[in-house]
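Before any comments, here is the structure.
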Amino acid sequence: MGAALLLALAQVAVLAVVLMAVHRPLGDHMARTFTTERDLAVERGLYRLIGVDPRGEQTWRAYLRGVLALTVVGIGLVYLLQRTQAILPDAVGMPAVEPGLAFNTAVSFVTNTNWQSYSPEATIGYTVQLLGLAVQNFVSAAVGIAVAIALVRGFARRRTGTLGNVWVDVTRAVVRILLPLSVVAALVLVAGGVVQNLTGFTDVATLAGGTQQIPGGPVASQEAIKLLGTNGGGFYNANSAHPFENPSAWISLLQVALMLVIPFSLPRTFGTVIGDRRQGRTILAVMAGLFVISLAALTWLELRGAGTAPQLAGAAMEGKEQRFGIVASTLYAAAGTLTSTGAVNSMHDSYTSLGGMVPMVNMMLGEIAPGGVGSGLYGMLVLAIVAVFMGGLMVGRTPEYLGKRLGPREIKLASLYILVTPVLVLAGTALSFAIPGVRADVEATSIANPGVHGLSEVLYAFTSAANNNGSAFAGLTADTPWFTTALGVAMLLGRLLPILLVLALAGSLASQDTVPATSGTLPTSRPLFAGLLGGVAVVVTALTYFPVLALGPLAEGL
Amino acid sequence: MSRSSTLRPYAVALRAMLVATLALGLVYPLLITGVAAVAMPDRAAGSLVTAGAADEPARTVGSSLIGQSFTDPDGVALPGYLQSRPSAAGEGYDGGASSGSNLGPENTDLVAAVEQRRTEVAQREGVDVADVPADAVTASASGLDPHISPAYALLQVPRIARERGLPESEVESLMRSSIAGRDLGFLGEERVNVLAVNIALDELSVG
């Protein structure tokens with residue numbers, strides 16, 4: 001195990017150096033993007049085309065209405081495209097997608113989840129991939145960034161009723177950040193062997209005398225935004241384990257960097273916009289600390305290879321690719337579940353019992369280390385508010401954060417925020433087994449692995465959906481009426497309720513004046529606060545989920 | 001609030017989404033497709049590989065990135081070929097159905113399958129079950145893994161040499177020269193591309 005740990009350290013060191021080098025210029029660029037008054041020529045054209053005044057400031061309610069409108073229209077369009085697939089060009093022979101599955105998939109991509117209840121090779125043709133799914137990969141990521149920026153403005157502004165303009169923020173996020181990065185990333189991916197064509201399936205005669213279908217597709221362009229936008233929906237069923245999505249170990253490391261680069265740069269953007277970069281560094285330190293701890297635990301557990309099948313085989317290689325081995329697989333699994341990406345280059349369902357619990361816990365943390373594009377930052381800032389509140393309780397002072405008083409309204413909104421996903425996860429999992437008819441169907445049709453591992457599959461599914469992650473214990477057959485509906489609802493509420501609460505919080509903060517820091521103010525840019533924040537994140541998660549984890553992966557692994 | 005101000009965001013969103021569909025769903029991927037086709041046509045098309053004797057036109061036999069089965073129609077290993085890992089993609093290495101087994105670590109079906117594969121591989125190669133490497137008895141994540149470990153490749157040398165009537169040293173040196181190191185020296189694992197070795201073996205046998 002010693003040599004493997006050394007290799008694991010080396011890849012993390014390289015990743016850390018790359019991210020540290022990139023996060024400053026990218027974080028500053030994003031700060032400029034969302035603070036400048038200047039519009040690019042192409043943006044002015046876009047604003048005229050869609051009919052908005054780029055200088056029109058919006059209240060939090062108007063901002064929210066914009067997000068809701070984009071969500072509703074997006075779901076409608078993706079649903080329509082799937083239902084009419086049979087008559088679309090370039091469908092590669094795929095029929096129309098069934099209504100339940102089409103609903104689930106539309107919600108999934110619009111909410112930045114990219115949960116896939118279907119097998120892409122057998123369900124989704126190129127037109128739906130491009131016009132439907134790829135477009136939402138961009139827009140949902142841009143919405144996440146916009147909401148985070150709105151919250152940051154809430155801290156930065158004083159006595160205003162407004163948070164900016166959602167159409168401007170979403171447009172700029174796409175035009176200035178996501179699209180340029182995607183073009184570069186897509187071309188590098190092709191250079192590394194990721195396919196990019198429109199040829200469909202090619203039949204070849206193999207050496208052994210059989211035939212094999214070689215799939216095609218516009219994969220690299222999709223892959224770039226799948227990772228940069230922390231979306232995660234694979235072009236193929238095997239996601240980034242498929243050699244055409246992820247052909248080599250260096251491409252795999254690049255993909256990990258693409259998932260992490262925007263979420264790890266946003267704290268810098270936050271610090272720059274509020275005019276105190278130390279605050280951004282503290283947030284970044286907590287994100288990085290949690291990431292390293294989680295990755296170390298997962299890598300150690302998989303290298304240890306406990307469990308009947310891994311012990312018999314000699315290593316936990318079931319569901320892992322030879323070119324990646326264990327350490328490049330666990331790095332990808334950590335990045336995929338600590339962000340909201342949910343992309344995989346190995347199959348989590350076949351991980352060791354305790355190893356498979358780590359991706360689940362990563363998502364239960366609320367995807368804040370570093371989390372999805374935008375959602376990671378706003379999730380962490382909400383937790384910071386809770387941490388300040390708890391710190392204030394200990395010493396009996398009115399809590400304040402970044403010069404804003406945290407009154408009953410702010411604390412209520414923050415508390416509701418951290419309750420949303422646990423309620424969705426636990427209620428969804430419980431209902432799957434509590435409703436007799438549903439339970440029979442779940443056990444007979446959906447669960448692939450009998451016993452407690454089956455509970456883990458269902459728990460993983462609702463954790464992934466409610467946190468908008470999208471990865472799976474993929475043995476679960478989720479294309480059933482119960483799961484397409486229940487997971488669809490979990491994804492939708494898991495996306496929109498937190499956004500509603502964050503925007504309400506932002507509006508409330510923006511309307512306040514700032515209070516000057518006094519000797520009684522808890523300093524929030526020191527290691528002490530970083531420790532408190534990390535501790536709050538872990539304790540809230542552990543207290544909420546420990547009982548159900550004890551029934552699933554802990555029961556299996558201990 | 002007036003009705004128009006409630007509905008207005010939806011009109012804007014619809015226009016925005018249609019523009020996005022055109023720009024991000026059509027222009028962006030077609031631009032990448034075009035550039036890739038001109039600048040890196042082989043890779044964009046799937047790194048296809050050809051094989052064939054010198055006197056006949058080369059034919060496409062697969063992709064260097066996608067694994068294949070080297071078995072007869074009944075799934076029995078062809079003894080002259082290097083064998084790939086077990087595959088959960090369709091009936092095995094089905095390019096239209098990439099998938100892992102998704103069986104959990106305590107699943108009795110998986111334990112039984114690993115046990116059976118260990119016995120089969122040990123028998124086929126004439127070695128002790130303890131010498132069978134992990135990748136030989138586990139299905140990959142994609143079901144299309146083009147590689148096996150150097151240990152599993154070298155394990156198969158004596159059998160391949162015997163079946164093809166080639167000196168073992170010749171097959172072994174081919175196998176050793178086919179081992180690809182870790183990317184940049186420290187990323188991923190050492191591996192052997194099964195299809196590439198089998199094409200080379202066919203050429204060796206003809207030559």
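In what follows, every chain begins at residue 1, and chains take the letters A, B, ... in the order their sequences are listed.
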Exercise. Any donor-acceptor pair under 3.5 Å linking the side chain of A:Asn449 with the backbone of B:Leu103?
Worked result: no

Exercise. Checking side chain to side chain contact (heavy atoms under 4.5 Å, CB included) for the pair A:Leu68/B:Tyr10: CA distance, chi angles, key distance, verdict?
Worked result: CA-CA 9 Å; A:Leu68 287 178; B:Tyr10 290 86; 4.3 Å; yes

Exercise. Taking only residues two or more places apart in sequence or in another chain, which ones pass salt bridge (charged side-chain N to carboxylate O under 4.0 Å, His left out) with B:Glu125?
Worked result: B:Arg159

Exercise. Given the rule in the side chain to side chain contact (heavy atoms under 4.5 Å, CB included) test, do B:Glu106 and A:Ser353 qualify, once you have shown the distances and angles that lead to the verdict?
Worked result: CA-CA 8 Å; B:Glu106 303 299 332; A:Ser353 304; 4.3 Å; yes

If I measure from the heavy atoms of chain A, does [X] come under 4.5 Å with its side chain, its backbone, both, or neither?
| X | value |
| --- | --- |
| B:Pro29 | both |
| B:Ser64 | neither |
| B:Leu78 | side chain |
| B:Val19 | side chain |

Problem set entry | Heavy-atom pair with the smallest gap, counting every atom of B:Asp183 and A:Ala249 | OD2-N, 3.1 Å

[X] [atom1] to [Y] [atom2] distance, which is reported to the nearest 0.5 Å:
| X | Y | atom1 | atom2 | answer |
| --- | --- | --- | --- | --- |
| B:Asp145 | A:Met317 | CG | CE | 7.5 Å |
| B:Thr21 | A:Leu130 | OG1 | CG | 11.0 Å |
| A:Gln213 | B:Ile66 | CD | CD1 | 11.5 Å |

Problem set entry | Student check: side-chain heavy atoms of B:Pro105 and A:Tyr351 closer than 4.5 Å | no

Problem set entry | Option in A:Ala328, A:Ser182, A:Ala448 with maximal non-hydrogen atom pairs under 4.5 Å from chain B | A:Ser182

Exercise. Counting heavy-atom pairs under 4.5 Å to chain B, which of A:Trp167, A:Phe201, A:Tyr236 comes out on top?
Worked result: A:Trp167

Can you list the residues of [range] that sit under 4.5 Å from chain A, counting heavy atoms only?
| range | answer |
| --- | --- |
| residues 188-201 of chain B | B:Gly188, B:Glu189, B:Glu190, B:Arg191, B:Leu195, B:Asn198, B:Ile199 |
| residues 83-94 of chain B | B:Arg85, B:Tyr93, B:Asp94 |
| residues 35-50 of chain B | B:Val35, B:Ala36, B:Met40, B:Arg43, B:Ala44, B:Ala45, B:Gly46, B:Leu48 |

For this session: Just do the side-chain hydrogen bond (donor to acceptor under 3.5 Å, both in side chains) check on B:Ser149 and A:Gln322 with the steps written out, would you?
Result: CA-CA 7 Å; B:Ser149 66; A:Gln322 176 61 32; 4.8 Å; no

Exercise. Which of the residues B:Thr33, B:Leu31, B:Thr71, B:Leu14 is involved in the greatest number of heavy-atom pairs with chain A at under 4.5 angstrom?
Worked result: B:Thr33

